[in-house]
Amino acid sequence: MGCGGESWGRTPRASRGDSQLKTHHSGPTCSERSGPHRPLPWRAMRWSQAFIPTLRDDPANAEAASHRLLLRAGYVRQLSAGHYSMLPLGQRVRQKIDRIIREEIDGIGGQQFHLPAMHPAELWKRSGRWDVMGEEMFRLVDRRGSDNALGMTHEEVFAQLASEISSYKQLPQLWYQIQTKFRDEPRPKSGVLRVREFTMKDSYSLDLTWEGLDEQFDRHHAAYQRIFSRFGVDAVDVEASSGAMGGSDSVEFMVRSDAGEDWIVTCATCDYRANLERATSQVEGVDDPDAVPEAIRFATPEIRTIAALAEAFPEIAAPDRQIKTLVYMIDGSFTLVMMRGDHALQEQKLQDVTGGIDVRPAQADEIRERLGALPGSLGAVGVTEHPIIADRALKGRRALVTGANEDDWHLANVDVDRDIAVGRWADLREVVEGESCMVDGGLLDLWKGIEVGHIFKLGTKYSEAMAAIVQDENGESKPIIMGSYGIGLERSMAAVVEASHDDKGIVWPWEVTPYHVIITLLRQQDEAVVAAGDQLYEELIAAGYEALLDDRAERPGVKFADAELIGVPYRITIGPRGLESGVAEFTTRSTMETIEIPLDAVVDQLP
RNA sequence: CGGGCUGUGGCGCAGCUUGGUUAGCGCGCUUGACUGGGGGUCAAGAGGUCGGGAGUUCGAAUCUCCCCAGCCCGACCA
């Protein structure tokens, strides 16, 4: 066993309430080895020997607080767009995140694996995702001419391993790994928040029954709450879409931040919370006449928008009396999508209800070819040769206005049930801030969040594709039922910084900080200062703390600013002034409060 | 992929419009001195293929073309 990686495993005391004991390091420490380059214990570092390249100025091109601070405080460096190097401080934080995840996933019965990052195309072809993933998946050809992919996720590999399970007696299982994932993001941004290469903890539950899946899912849900709580962030669990590859009971864990890229809807007065891709709200109804005469055409020259039509014919064509007809190509199928005129389509909902993989708006020429008109004059009345999906807000509506599928003409007196062959009703509209909650009518709030975790029920898609079949107690063959659970490590690190910083720098929560305490020495030439610093440093390390000793020959201002920038929770300042009376200054980073305490009381003052 | 923009020493930038000795500035870095509780002062230094290539020209950081990289907005996005 070496001096590095394994000696750090002291459970920080603040975490789980059970460990108030001061863990003392026993046995010889690494620092007792002789030689000029003796390794230091993992939890000790002298700044003068460390690589912590802090920047005095804010880097250009760094907008998000986490991006700016992680760069400036010397945690990460960009190698290229979407690829970041973890510097020693960043790596320490990442290792702590890694460890917290392992403790909690192990705690619900997880077994850790380590799978290849590169996969043969064959594997992805079996699940059908070789074609589905498109350009988002990195692909490469080896010297034999074989296609390979860099893994975006590992359902296929785990499912293939699961095919070795043949009896229900071997279930349930919970398998996980912490691995590099590759996604060829079209637009990496915000530092480490959206990248092309990142570390993800992905776990997969294997069960015989759906009830078993539910239990493992719930256990993950609770474990995730513990994990994010230990990260020191408030991660809100929200109802979500499971995306292109299906699944159900999808829950995302979101950290509130303007740097986030997801919109979250929460109710002010109840527990309802959902990703905007999924959220619903109460829609105020519109009074319609009991019956309307036959639909009639009327001329609408040059009118192409809902607003223009409403302005030209205010008495019959208010936006909520219009049908907005959108046209999508859903896996190559030309589909009409109907919304109330004043409502917006939420595309992910369309994708979810249709199960479509390649969903895009149809182009003008495709539309004219099939409907005979251009967007602005489109409608579904009389259309029978194309599928029609309608938002439920249109159900039963009468006396509406819609395009006539002839440029410059619209139809009035449209009765949806009578005049339009709706093939499918669905909730397709995007919620707007300030609407009423479906559950209790409360006011809905809309905010931006960072997705740090995502759990959902996969079902049998991959087990069927990879022939992960077991026999149950009756000898019947059953595909293993899977769940999938992910956490982004670097993104979690960035989310912590987003949630915990001030104008001076980062403010690390206790469990993920790279060091627990920094000793700032003022006046290195003063032998008493150096001696007192060294002694305290040794004491802290012996007591199980991770300590950084700032022994650089820098001005006090530089050292203070750097300590605050890198965000270590506690700073002990030792200078000749206090030393005369045997005291040091004890500064709490989060509050920036400073107290004077005797040097020998420092260890007791720490959590 | 569409729109906007940027590449000049480790970081942040000026110079480019109007081509002309040796390419500047602040910070950082090295050495020394003075200093010493919130990014100090002075002195002496080191460090640059001006993103790359081709071209125009007597002469290109500067003008032209092509390429590359990066940033922002949008599209996209398990």
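Protein chains get the first letters and strands the later ones, always in sequence-line order, with residue 1 at the start of each.
A gap of 13 Å separates the P atoms of B:rG51 and B:rA14, to the nearest Å. Rounded to whole Å, the separation between the P atoms of B:rG52 and B:rG45 comes to 29 Å. Nucleotides B:rU18 and B:rC13, compared at atom C1', are 22 Å apart to the nearest Å. A gap of 25 Å separates the P atoms of B:rG3 and B:rU8, to the nearest Å. For the P atom pair drawn from B:rG48 and B:rC11, the interatomic distance equals 14 Å after rounding to whole Å.
The phosphate of B:rC71 has OP1 or OP2 within less than 4.0 Å of a side-chain N or O from A:Gln78. For B:rC77, neither phosphate oxygen OP1 nor OP2 lies less than 4.0 angstrom from any side-chain nitrogen or oxygen of A:Lys189.
Remark: A:Asp331 does not engage A:Arg360 in a salt bridge, criterion side-chain N to carboxylate O under 4.0 Å. Between A:Asp562 and A:Arg552, at least one side-chain N (NZ, or NE/NH1/NH2) sits under 4.0 Å from a carboxylate O, which counts as a salt bridge.
Judged by a 6.0 Å distance limit and a 45° cone about the ring axis, A:Arg139 is not positioned over the six-membered ring of A:Trp124. By the 6.0 Å and 45° rule, A:Lys457 stacks over the aromatic ring of A:Phe217. A cation-pi arrangement is not found for A:Arg183 relative to A:Phe138, the charged atom failing to lie both closer than 6.0 Å to the ring centre and inside a 45° cone about the ring normal.
Side-chain polar atoms of A:Thr520 and A:Asp550 form no donor-acceptor pair below 3.5 angstrom.
A:Gly486 comes within contact range of no nucleotide atom at all, as no heavy-atom separation falls under 4.0 Å. Within 4.0 Å of A:Glu277, counting heavy atoms only, lies no atom of the nucleic acid at all. Across all strands, A:Arg68 comes closer than 4.0 Å to no nucleic acid atom at all (heavy-atom distances). When heavy atoms are screened at a 4.0 angstrom cut-off, A:Arg187 is found touching base atoms of the nucleic acid.
Remark: P of B:rC76 and CG of A:Asp358 are 11 Å apart, rounded to the nearest angstrom. A:Gln363 places its CD atom 16 Å from the P atom of B:rC1, with the value rounded to the nearest Å. Atom C1' of nucleotide B:rC76 and atom CD of A:Gln348 are separated by 12 Å, given to the nearest angstrom. The distance from atom NZ of A:Lys559 to atom P of B:rG40 is 14 Å, rounded to the nearest whole Å. Regarding A:Ile574, its CD1 atom lies at a distance of 17 Å from the C1' atom of B:rG36, rounded to whole Å. Atoms CD (A:Glu347) and P (B:rG74) sit 15 Å apart, rounded to a whole Å. Taking atom CZ on A:Phe560 and atom P on B:rG37, their separation rounds to 9 Å, with Å as the unit. Here B:rC73 presents its C1' atom at 17 Å from CG of A:Asp258, a figure rounded to the nearest Å.
The six-membered or imidazole ring of A:Tyr328 lies away from that of A:Phe334, with a centre-to-centre distance of 6.0 Å or more.
The side chain of A:Ala60 lies closest to B:rC13, out of B:rG37, B:rC76, B:rC13. In the set B:rG37, B:rU35, B:rC13, the nucleotide with an atom closest to the side chain of A:Gln525 is B:rU35. Closest contact between the side chain of A:Arg523 and the listed nucleotides B:rC13, B:rG36, B:rG37 involves B:rG36.
The base of B:rC76 lies close enough to the side chain of A:Arg194 for a donor and an acceptor atom to sit less than 3.5 Å apart. Residue side chain A:Arg555 does not reach the base of B:rG36 through any donor-acceptor N/O pair under 3.5 Å, judged by distance alone. Side chain A:Glu554 to base B:rG36: no donor-acceptor pair is found below 3.5 Å.
Pairing of B:rA75, defined by two Watson-Crick or G-U wobble distances under 3.5 Å, is not identified with any nucleotide. The nucleotide B:rC27 finds its pairing partner in B:rG10, both defining distances of the Watson-Crick or G-U wobble pair being shorter than 3.5 Å. With a cut-off of 3.5 Å on both pairing distances, the Watson-Crick or G-U wobble partner of B:rU41 is B:rA33. As the counterpart of B:rG48, no nucleotide is assigned, since no Watson-Crick or G-U wobble pattern has both distances under 3.5 Å.
Between A:Ala561 and A:Asn61, it is A:Ala561 whose nearest contact on RNA chain B lies nearer the 5' terminus. When each of A:Glu261 and A:Ser80 is assigned the nucleotide of RNA chain B with its nearest heavy atom, A:Ser80 is the one assigned upstream, toward the 5' end.
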